[in-house]
Asks: 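Quick one: the structure is below, questions incoming.
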Amino acid sequence: MPLWRHLSDTAEVAGLLWDRWMAPSVRRIIADGRPDDVARTVLVWLAGSHDLGKASPAFAAQVRPLTEPMRDAGLPFSPLVEHPPRTPHAQQSHRILRQWLESNGFDRDTADSWAIVPGGHHGVAPGRDDITHAGVAAQAGTGPWRGVQQELTDWVARNSGITAHLDSLRTAALAPTAQVVITAVVIVADWIASDTARFPCFDTRSTAERVRSGWRDVGLLPAWSADAGAVETLFGRRFGREARPAQEEAIRAAQAITGPGLMIIEAPMGEGKTEAALAAGEVLAERFGCGGLIFALPTMATSDAMVDRFTGWLRGAAQSAQPFFLAHSKAPLNPTFAAMRTLSPTTGDGGVDGCGAGVAVALEWLTGRKKGMLANFVIGTIDQVLYAALRGRHVALRHLALAGKVVVIDEVHAADVYMAVFLRDVLRWLGAYGVPVILLSATLPAARRQELLNAYSTGARPATPASPTARASRRRRPRALTSAGPPPPSCDEATASGEGLAGAGPLPYPLITIAGAGSMVQVAPAAAGLARTVRVEFASDDESELVDLVRAASQGGGVVGIIRNTVGRAQRSAAVLRAELGEEVVTLTHSRYLATDRMRRDRDLLAELGAPGQARRMPGPRIVVGTQVLEQSLDIDFDLLVTDLAPADLILQRMGRLHRHRRHAHERGLMTKPRCVVVGANWDADPVEPDRGSVAVYGLAALLRAAVVLRSDGSPGRDIELPADIPRLVDQAYAAEVEVPEAWCATFDDAEQKAQQESAGRTTGAEMFSIGKVPVLDLFGWSHANAGDAEGHDGRAKVRDGEDGLEVLVVQQRGDGWFVLPWLSDCGGAELPRDAAPEPRLARAVAQCSLRLPRQLSVWRIDQVIGELERQGRASWQQSPWVRGELVLPLSEDLTAELAGFRLRYSRRDGLVVEEAE
DNA sequence: AATAAAAAAAAA
Ligand SMILES: [Fe+3]
Ligand SMILES: [Fe+3]
């Protein structure tokens with residue numbers, strides 16, 4: 001394709017992206033204070049300049065036959081430029097544009113702030129030395145080449161209309177935020193224009209015409225235009241019921257805030273955080289011109305579970321079909337999302353446009369991780385948001401994806417120290433972009449909360465709302481705002497200060513904190529959930545005592561929850577309790593089940609032990625034994641909780657399962673008072689000795705801290721008020737200094753030091769890959785650090801650390817045939833082809849049988865395990881996108897297998913059990 | 001000798 005044509009295509013497409021696709025909030029970032037028409041011209045100009053570097057002998061020499069006409073036209077190819085190392089043409093573009101700007105009187109730094117856009121159009125920002133390097137100039141060619149470059153650059157500038165604005169560009173460098181976002185839009189324009197099916201090489205149509213038809217064919221839809229209407233009635237209109245206090249306050253805060261800001265909603269499960277975020281997000285989107293919303297959750301399962309609720313809201317929140325993307329690695333397995341692909345906003349019977357509702361559609365062009373995130377509405381794992389802070393190729397695209405939306409992140413408390421680094425840096429950038437962010441969380445330790453606020457406000461600058469009047473709230477707040485003293489000093493960040501609740505002492509819970517540019521406000525909505533007093537006891541780690549306890553407590557019926565810290569402990573307890581109290585009474589759950597079985601278990605538990613109205617409890621005693629899977633996002637209700645000693649916030653999280661729902665007292669049998677028995681430690685020892693496995697999982701320090709805070713005076717029991725006591729206990733457990741008994745000091749100090757080292761190590765590890773603060777001047781070297789893609793295995797950068805687990809797909813082997821496990825509802829028991837890839841329906845059934853192997857297999861003997869499984873693998877499976885690259889574990893007819901010297905046994909009741917083989 | 005849960009993948 002002639003270069004001039006590709007450049008003008010890309011420029012025109014960029015213009016269309018501005019006109020017909022981009023959210024006002026993105027235009028505002030690109031404008032960087034300049035008038036809109038200038039900003040659009042800038043974008044078109046830089047898009048048109050992106051491949052200037054292709055007009056160089058180094059690039060042109062790549063396709064030998066094509067060089068002949070150029071030679072004939074007098075363009076020399078010296079041997080030097082015909083041989084590697086070749087300068088990437090993006091860097092050549094940068095050099096050419098820089099030189100052109102300098103010749104127009106720009107100083108070097110200012111010139112670079114513009115030229116770095118073409119320089120980064122392949123997804124990696126150049127390093128400063130890359131452009132200045134003598135080789136770049138050498139490979140630009142001589143004499144006639146320079147003339148061609150000059151002419152082409154002039155031509156692009158003239159066509160775009162930037163020539164008239166050069167004087168104003170010369171005096172103000174482009175802000176780094178605009179550098180990133182413009183680069184991303186240029187990349188999008190380039191990808192669109194590089195599709196030769198839509199933008200053919202040979203074309204008799206005018207540029208305008210071919211671009212118009214190419215654009216239509218790509219089928220992108222405009223950004224969402226939020227129209228929340230009267231905020232007083234918004235919640236009822238969207239969700240068909242009355243708002244709970246936290247929801248009302250969130251909406252009110254969104255309406256009152258003077259500029260884009262960060263809202264942290266801390267509330268227990270059941271206060272309606274999700275709907276609060278959607279409603280508040282809609283208000284924020286309208287006020288600040290955001291063109292979509294992304295809802296990020298900690299797991300793929302919770303993401304999947306969000307889809308229906310989200311699309312239900314979206315139908316009311318938009319008046320036309322809206323691009324939607326499900327962003328996680330198993331999204332293709334989600335049937336709802338798969339069905340959206342068959343809907344087309346424009347065509348025939350699948351056409352959904354014109355029905356006046358915000359139907360979610362999956363657009364053809366918005367597929368794959370990098371492009372999909374650009375859809376107006378996204379549900380995904382938190383990882384997908386954190387990738388915006390991970391250095392790597394095309395990170396600018398992830399910024400563009402977030403820049404045009406309201407960003408909601410759920411269960412923020414669950415992010416560990418490693419993820420926290422990326423979260424901090426994402427917030428810094430989102431603050432700088434003026435992207436409204438809503439974080440949903442259980443109580444955060446004060447320092448954590450402050451770190452999040454500081455990160456956002458470091459980037460934030462005073463901003464103006466899109467709508468002329470920020471309608472101030474006239475209604476009375478439920479609790480007067482009190483002015484706080486100066487917030488705690490923090491390392492190197494700017495500090496968000498303002499009106500906080502409670503200068504000293506613990507904060508209320510639920511709590512909403514809103515920080516804008518330089519100001520901070522806190523509100524304490526009334527809790528909708530039940531307040532209750534939990535009796536906390538500490539008991540020995542003895543299975544027979546456990547049996548007695550459970551038997552006595554449950555003899556009048558009711559539900560006992562037992563949360564263990566390791567799978568082994570959970571499996572053992574379940575076995576003992578089954579033997580003593582009866583098979584059907586006991587349910588076991590943990591993560592070592594097939595994905596499909598695990599989903600089924602969660603669903604069954606919810607149907608039996610969930611909120612009244614959605615669930616039906618059976619009479620008689622019920623015992624649920626599980627690991628940490630019982631701790632998170634499963635809205636079930638226990639009458640008595642037995643838990644292993646765990647970090648204090650997690651214990652409190654677990655305690656939240658006690659007497660959570662309103663129900664008749666008689667359903668709880670004898671367990672009419674919420675009671676929590678903490679086991680998993682030798683309480684008589686001094687210092688307390690937690691179970692070995694628990695120490696391995698959480699570290700000794702966190703467990704000792706929890707023991708101190710929960711058992712303050714060493715007494716055998718105490719009361720905890722839920723939720724009122726939670727902030728105080730969490731703050732205590734995570735305070736810099738904790739007071740421990742004299743006899744503990746040596747052990748405790750030791751453990752603390754180890755924990756700090758570990759945490760520092762993980763933080764340092766994350767910092768290596770994280771993009772850091774918003775630079776003041778330019779993006780040189782910005783996305784570097786690790787070449788290659790951000791995501792992925794193999795020593796590459798990641799947003800989660802820790803050991804890599806090993807996941808396998810389980811099938812059943814009979815004779816030498818492979819079969820889908822018999823109990824699957826779809827294709828159960830079907831034979832899998834030996835010499836061909838399984839057809840999609842079969843492959844999908846197999847893909848649902850994924851199983852994470854325990855560490856004995858996935859860490860200690862990983863090479864042996866992979867080796868043995870690969871040997872049994874079937875090569876033909878590589879042709880199916882559903883199962884390609886996956887390891888397959890065939891179980892015998894009785895669901896057992898030998899693997900790497902271990903004996904594996906699977907049952908739907910117990911999950912995977914691994915024993916040393918004799 | 002032995003320890004949770006969780007995520008993860010193509011550009012022009
Ligand atoms: Fe290029
Ligand atoms: Fe290009």
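It should be emphasised that the depicted structure is a prediction, and the values quoted were computed from it without experimental measurement. Here is the naming used below: chain letters follow the sequence lines, and residue numbers restart at 1 for every chain.
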Asks: Can you identify which nucleotide, out of dA4(B), dT3(B), dA7(B), has its nearest atom closest to the Arg855(A) side chain?
Replies: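 Closest of the options to the side chain of Arg855(A): dT3(B).
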Asks: May I ask you to decide whether Asp604(A) forms a salt bridge with Arg600(A), counting only side-chain N to carboxylate O separations under 4.0 Å?
Replies: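 Yes, charged N to carboxylate O under 4.0 Å.
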Asks: From the list dA7(B), dA12(B), dA6(B), which nucleotide is the closest neighbour of the side chain of Met300(A)?
Replies: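 Closest nucleotide to the Met300(A) side chain: dA7(B).
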Asks: Which nucleotide, dA12(B), dA4(B), dA2(B), lies nearest any side-chain atom of Arg692(A)?
Replies: dA2(B)
Asks: Contact class for Gln384(A) vs. all strands (heavy atom < 4.0 Å): base, sugar-phosphate, or nothing?
Replies: sugar-phosphate
Asks: Select one nucleotide: of dA12(B), dA6(B), dA4(B), the one nearest the side-chain heavy atoms of Val697(A).
Replies: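 So the nucleotide nearest the side chain must be dA4(B).
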Asks: With sugar-phosphate meaning primed atoms plus P, OP1 and OP2, does His122(A) contact a base, only sugar-phosphate, or nothing at under 4.0 Å between heavy atoms?
Replies: sugar-phosphate
Asks: Applying a 4.0 Å non-hydrogen cut-off, can you work out what Arg598(A) is touching in the nucleic acid: base, sugar-phosphate, or nothing?
Replies: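 Sugar-phosphate contact only.
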Asks: May I ask you to say what Arg592(A) touches in the nucleic acid, namely base, sugar-phosphate or nothing, with a heavy-atom cut-off under 4.0 Å?
Replies: sugar-phosphate
Asks: Lys798(A) side chain: which of dA5(B), dA4(B), dA8(B) is closest?
Replies: dA8(B)
Asks: With heavy atoms under 4.0 Å as the rule, sort Val695(A) into base, sugar-phosphate or nothing.
Replies: nothing
Asks: Determine: side-chain N/O of Tyr387(A) to OP1/OP2 of dA9(B), distance under 4.0 Å, yes or no.
Replies: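 So the side chain of Tyr387(A) is within the cut-off, an N or O lying under 4.0 Å from OP1 or OP2 of dA9(B).
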Asks: Establish, from distance only, whether the side-chain atoms of Asp190(A) and His6(A) form a donor-acceptor pair under 3.5 Å.
Replies: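 Checked: Asp190(A)/His6(A) side chains pair up, N/O donor to acceptor below 3.5 Å.
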Asks: Examine dA7(B): is either OP1 or OP2 under 4.0 Å from a nitrogen or oxygen in the side chain of Arg852(A)? Give yes or no.
Replies: yes
Asks: Counting only side-chain nitrogens and oxygens, does Ser329(A) get under 4.0 Å of the OP1 or OP2 atom of dA8(B)?
Replies: yes
Asks: Using atom NE2 of His328(A) as one end and atom P of dA7(B) as the other, report the distance to the nearest whole Å.
Replies: 9 Å
Asks: Give a yes/no on whether any side-chain N or O of Arg369(A) is located under 4.0 angstrom from OP1 or OP2 of dA9(B).
Replies: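 So the side-chain polar atoms of Arg369(A) do come within 4.0 Å of the phosphate oxygens OP1 or OP2 of dA9(B), strictly under.
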Asks: Taking atom P of dA11(B) as reference, at what distance in whole Å does atom NZ of Lys370(A) sit?
Replies: 3 Å
Asks: Please check if the distance between the ring centroids of His121(A) and His94(A) is under 6.0 Å.
Replies: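 When the ring centroids of His121(A) and His94(A) are compared, they turn out to be at least 6.0 Å apart.
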Asks: Is Arg654(A) close enough to dA4(B) that one of its side-chain N or O atoms is under 4.0 Å from OP1 or OP2 there?
Replies: no
Asks: Would you please determine if the base of dA11(B) is stacked by Trp191(A), with stacking meaning a centroid separation under 5.5 angstrom and planes under 30 degrees?
Replies: no
Asks: When the aromatic ring centroids of Tyr387(A) and Phe422(A) are compared, is their separation below 6.0 Å?
Replies: no
Asks: Using modelled atom types only, decide if a donor and an acceptor are shared between the side chain of Tyr698(A) and the backbone of Asn565(A) within a distance under 3.5 Å.
Replies: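 Not at all, since once roles are kept as given, no pair shorter than 3.5 Å links the two residues.
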